[in-house]
Amino acid sequence: MKIGIFDSGIGGLGIYQEITKIIPNISTIYIADTASCPYGEKSVSEIKALCQKNAQFLLQHKVEIVVVACNSASVSALIWLRNKFPNTPIVGVVPVIKKAALISKKIGILATRRTIESHYLRNLVNQFCPKSLGYKTLYQPCSELVDYIENFDKKQNLRLSQVLKVCTERLIKQQVDVIALGCTHFPFVKKEIQKIVGKNVIILDSNGAVAKQVKKIADSCNNANSQKSVHQFFTTGDVGKVTKVAQVLLKNKQIRFKSIKY
Ligand code: DGL
């Protein structure tokens, strides 16, 4: 079985990693749409057009499931994409609000501006963390962190702590107990966020939940794969740079990106 995964950049590789961990014999095609990154600063209609191109490319390569490994794209275009491509299961990613609501009534959400401003997220929060039940939800945009991770460089620790201080200051002041990471880039610096907010704050990401959902669909397709799994990586950006950062983040020297141009 072959699945397609896309993100505005390399953030979705965390979801790729989780999927291949729990479905080891699956083949994947990954798109990092780096030339258009960040999606989180784009309009909904721009994001829809980019998602359509990514999905078309993946479907031309005969994937059986499409994973939108980007919160900004999922909250903007997931329902629209499912209508556009009704014959393919499409899995999205959104912050794990329901899970956060089971842990505490003081919740912080770190995400891109597009995700924070979306009706999709606001509806989730109204559903699971209503003010009427005493929930307090803080939204913190953190787009600079996306740029940091796209250009990840171990030596830039100082820049990372500066960016993280700004992103977490309000959440620490308001003493949130749980932080939901609403951008697929952020789990790559989860440890560093934990250091800044302290060990008592629980940090949740959505990667595992997305992988489980993909596995559920893959299992129901009952498409046993006896062939060796193959993983292909494409980017609309600079192949050398994206490959280098991906190898560092995934600690995997085998990963090689190829170029695609839309
Ligand atoms: N990885 C994307 C997300 O989950 C954010 C990156 C971007 O803004 O393009 O929202």
Side-chain angles (χ1 to χ4, degrees), residues 4-19 30-55 66-81 90-97 100 108-122 124-125 139-152 160 163-164 167 179-190 193 203-211 213-214 233-238 241-242 245-246 249-250 257 262:
I5 307 166
F6 74 83
D7 179 32
S8 61
I10 48 185
L13 286 173
I15 289 182
Y16 154 82
Q17 228 175 1
E18 284 297 322
I19 290 174
Y30 184 93
I31 302 175
D33 189 9
T34 321
S36 301
C37 189
Y39 281 10
E41 297 291 314
K42 293 192 161 47
S43 69
V44 169
S45 56
E46 283 172 316
I47 293 176
K48 281 180 180 167
L50 294 166
C51 286
Q52 185 172 353
K53 284 184 193 169
N54 294 330
V66 169
V67 182
V68 183
C70 172
N71 291 260
S72 312
S74 299
V75 297
S76 308
L78 187 60
I79 297 163
W80 180 85
L81 267 182
I90 304 183
V91 179
V93 56
V94 290
V96 283
I97 300 304
I109 303 173
L110 277 183
T112 64
R113 203 162 56 84
R114 174 59 46 229
T115 299
I116 285 175
E117 287 174 2
S118 69
H119 293 299
Y120 201 120
L121 180 61
R122 299 291 163 144
L124 273 182
V125 170
Y139 302 90
Q140 180 63 50
C142 208
S143 298
E144 218 190 317
L145 196 49
V146 175
D147 180 63
Y148 173 83
I149 291 157
E150 281 296 310
N151 297 288
F152 189 80
L160 177 61
V163 172
L164 288 182
C167 293
I179 297 177
L181 301 181
C183 171
T184 52
H185 282 71
F186 300 170
F188 284 115
V189 288
K190 198 170 176 175
I193 300 173
I203 303 175
L204 303 173
D205 70 66
S206 314
N207 292 357
V210 175
Q213 179 62 12
V214 172
F233 302 90
F234 293 92
T235 178
T236 54
D238 178 331
K241 187 177 157 197
V242 174
V245 176
L249 288 177
L250 295 194
F257 275 79
Y262 293 138

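For the numbers below, each heavy atom of this structure counts, side chains included, while hydrogens, waters and symmetry mates do not. We count ligands from 1, going down the list as the structure has it; atoms in each ligand are counted the same way.
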| task | For side-chain hydrogen bond (donor to acceptor under 3.5 Å, both in side chains), just list the numbers for Y39 and D7, CA-CA rounded to whole Å, side-chain angles, deciding distance to a tenth of an Å, and then say yes or no. | result | CA-CA 9 Å; Y39 281 10; D7 179 32; over 6 Å; no
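- Of all heavy-atom pairs spanning N207 and D205, the tightest one is N-OD1, 2.9 Å.
- With hydrogens left out, the protein atom closest to atom 2 (C) of ligand 1 is C70 SG, 3.3 Å, a heavy atom.
- The backbone N or O of A32 lies less than 3.5 Å from a partner atom in the side chain of T34, making a donor-acceptor pair.
- Which parts of ligand 1 touch P38 is read off a 4.0 Å heavy-atom cut-off, strictly below it: atoms 7 (C), 8 (O), 9 (O).
- In T112, the part holding a heavy atom less than 4.0 Å from any atom of ligand 1 is the side chain.
- G40 N, 2.8 Å is the protein heavy atom nearest to atom 8 (O) of ligand 1.
- Between S143 and the choices E41, R114, R113, the side-chain hydrogen bond (donor to acceptor under 3.5 Å, both in side chains) rule is met once, by E41.
- Of the protein's non-hydrogen atoms, the one nearest atom 3 (C) of ligand 1 is N71 N, 3.3 Å.
- The two atoms that bring A69 and V93 nearest to each other are C-CG1, 3.7 Å, heavy atoms only.
- The shortest heavy-atom contact between L81 and C51 is CD1-CB, 3.9 Å.
- By the criterion of a heavy-atom distance under 4.0 Å, the side chain of D7, and not its backbone, is placed next to ligand 1.
- Listed by number with element, the atoms of ligand 1 under 4.0 Å from a non-hydrogen atom of S8 are 6 (C), 7 (C), 9 (O).
- Residue E41 places no N or O, backbone or side chain, under 3.5 Å from any N or O of ligand 1.
- The distance criterion of under 3.5 Å between nitrogen or oxygen atoms is not met by T115 with respect to ligand 1.
- Near Y39, the atoms of ligand 1 lying under 4.0 angstrom from a non-hydrogen atom of the residue are 7 (C), 8 (O), 9 (O).
- Between the side chain of S206 and the main chain of V94, a donor-acceptor pair closer than 3.5 Å is present.
- When all heavy atoms of F188 and I10 are compared, the closest pair comes out as CE1-O, 3.7 Å.
- Note on ligand 1: C183 sits in its first shell, one or more heavy atoms being nearer than 4.0 Å.
- Near S72, meaning under 4.0 Å from any of its heavy atoms, are these atoms of ligand 1: 3 (C), 5 (C), 10 (O).
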